[in-house]
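Chain letters run A, B, ... following the sequence lines, proteins first and then strands; every chain starts at 1.
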Amino acid sequence: MPATYGLIDGNSFYCSAERAFAPGLRRVPLIVLSNNDGCAIARSAEAKALGVRMGDPWHLIRHRPGMDSVHWQSSNYPLYADMSRRFYQVVAGMVPRVEPYSIDEFFLDLDLPGDLHALCTALRAEVLRVAKIPTCLGWGPTKTIAKLANHLAKRHPELGGLCDLRSPELRAAWYARLSVGEVWGIGGRTAEKLRRLGVGTIADFVALDARDARDLLTVVGARVQLELRGVSCLPLAMMAAPRQGAAVTRSFGRPVTRWAEMREAVAAFAHRAAEKLRAEGLVAGHLTVFLHTNPHNGDPWHSGQRAARIEPTADSGALIGEALRLLRSLWQPGYRYAKAGVMLNDLRPEAGQPRMLFPTRDPVRSARVMAAMDAVNARHSAGTLRPLATGLARPWAARAARLSPRYTTRLEEILVARAW
DNA sequence: TCTGGGGTCCTAGGACCC
DNA sequence: TCTGGGGTCCTAGGACCC
């Protein structure tokens, strides 16, 4: 187990990714909106200074004073995924043991010889130079402390983007000043529960009797407490754990009221989920479909969810068929549906699946058809070939009014971008 | 008019089974 | 008066994370 864990993450990662290819965005307050151009999910420092908060619905705050200087972008996940890959390559080139934690964060084993401060400074500079992503880096004896150190590096610019929490004395000083809700794994609900019991700071929480921590917050909270005390419970996992599920869920660009539209949307979600499975060589033995109306706008509420065990498969047609069968039992006309989704679970490797005694389709033929479709879509672009059930016009598709070009993965979009 | 998507883990009651 | 226990699966929801 490493003696020192590090955490490096990108500052306002999606904003930084947008700015990497659009110098004109570098000096303006910038936000990136969630799917459907809904909420602010990334804000540049300038946008934060203007009071845009994480998760603010843009349509509710855009008319506030000062907001007209804020530039917004639709989210562009292929771009961010590619920027993340570049970020990772730089990090992995300088640190031997790296755990990808999220699209913009990596845990590091910093149990390395030499001047740690100098290494971390060089790492940040190299990520900025090569991947064009500004970062912060924190480190300490456990992952939870590294996460806290990273949080401090971000919150306190005077630290120069770096924060070393290896010293117990330094940690104690910060613990006394910081709210327990700032700890990784202690969310708003838990922080409020603790506050009502007189546990306000991290120092209060660390001083809590271990049995009380466990009784109050289960094993999860007990582990957080141990980690904050400097006892490492969370190892570095360089290999990603096998995924347990694959979900495709979307808010619609406008309310869906017609069965034909809902059927097409759910078929498209099932097809996309099937593509995710095939990309990883997995099949699913369990499928869930859900739908619901808008919980925010006063529309009559209706929601439903239905699941079924299925013959393990990654075949788009088979999964669409199962999804639509479940959807039919959920559909109630007369409602304005805002969102639906398909979730696949009980995933396992396709290879080595036992042969069904009475298969309902020819598995060899299915695999050939899917492989051919995936190959065409990889060579041309996603959605070039797809099951007809997923619809042509797609009136339910999410809004994305200001999508940046996929600078790093689509040559034709760069050419369009240059013509701007 | 417009309020994200995709994960993980945990809990709880009811149905059903042996 | 006393009315089993343990397992799985289902639906639903809560909490947390990015």
Exercise. What is the per-nucleotide protein-contact pattern of nucleotides 8-18 of chain C, from the 5' end, where B denotes a base atom under 4.0 Å from a protein heavy atom, S denotes such proximity for sugar-phosphate atoms only, and - denotes neither?
Worked result: --SSS--SSSS
Problem set entry | Result of checking A:Phe252, A:Trp331, A:Trp396 against A:Tyr337 for ring-ring contact (aromatic ring centres under 6.0 Å, His included) | A:Trp331
For this session: May I ask you to list the residues of residues 42-66 of chain A, by number, that have any heavy atom positioned under 4.0 Å from an atom of DNA chain B?
Result: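 Within this stretch, A:Pro57, A:His59, A:Leu60 sit under 4.0 Å of the strand.
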Exercise. Heavy-atom contacts under 4.0 Å between residues 317-327 of chain A and DNA chain B, which residues?
Worked result: none
Exercise. Mapping A:Asn294 and A:Arg250 onto DNA chain B by nearest heavy atom, which one lands closer to the 5' end?
Worked result: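 Taking each residue's closest nucleotide, the earlier one in sequence belongs to A:Asn294.
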Problem set entry | Nearest-nucleotide comparison on DNA chain B, the residue closer to the 5′ end among A:Asn345 and A:Tyr14 |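 Mapping each residue to its closest nucleotide by heavy atoms, the 5'-most match is A:Tyr14.
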For this session: Please list, chain by chain and in numerical order, all residues satisfying salt bridge (Lys or Arg N to Asp or Glu O under 4.0 Å) with A:Asp56, sequence neighbours excluded.
Result: A:Arg53
For this session: Would you check if the distance from the ring center of A:Phe205 to the ring center of A:Tyr175 is below 6.0 Å?
Result: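 Between A:Tyr175 and A:Phe205, which both carry aromatic rings, the centre distance is not below 6.0 Å.
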Exercise. Can you check whether A:Tyr14 and A:Trp72 have ring centres sitting under 6.0 Å from each other?
Worked result: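 Judged by ring-centre distance (under 6.0 Å), A:Tyr14 and A:Trp72 do not meet the cut-off.
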For this session: Could you state the atom-to-atom distance from NZ of A:Lys339 to C1' of B:dT3 in whole Å?
Result: 11 Å
For this session: Evaluate the ring planes of A:Phe290 and A:His292, with Trp represented by its six-membered ring, and classify them as parallel (under 30°), tilted (30 to 60°) or perpendicular (over 60°).
Result: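 Correct class here is parallel.
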Problem set entry | Watson-Crick or G-U stems involving DNA chain B, each at least 3 pairs long, distances under 3.5 Å, ordered by first number |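 The stems are B:5-18 with C:5-18.
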Exercise. Does A:Arg189 CZ have over 12 foreign heavy atoms under 6.0 Å away?
Worked result: no
Problem set entry | Within residues 204-226 of chain A: residues closer than 4.0 Å to DNA chain C (heavy atoms) |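 Nucleic-acid contacts, sorted: none.
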Answer with base, sugar-phosphate or nothing: what part of the nucleic acid does [X] contact at a heavy-atom distance below 4.0 Å?
{"X": "A:Ala246", "answer": "sugar-phosphate"}
{"X": "A:Arg254", "answer": "nothing"}
{"X": "A:Lys193", "answer": "nothing"}

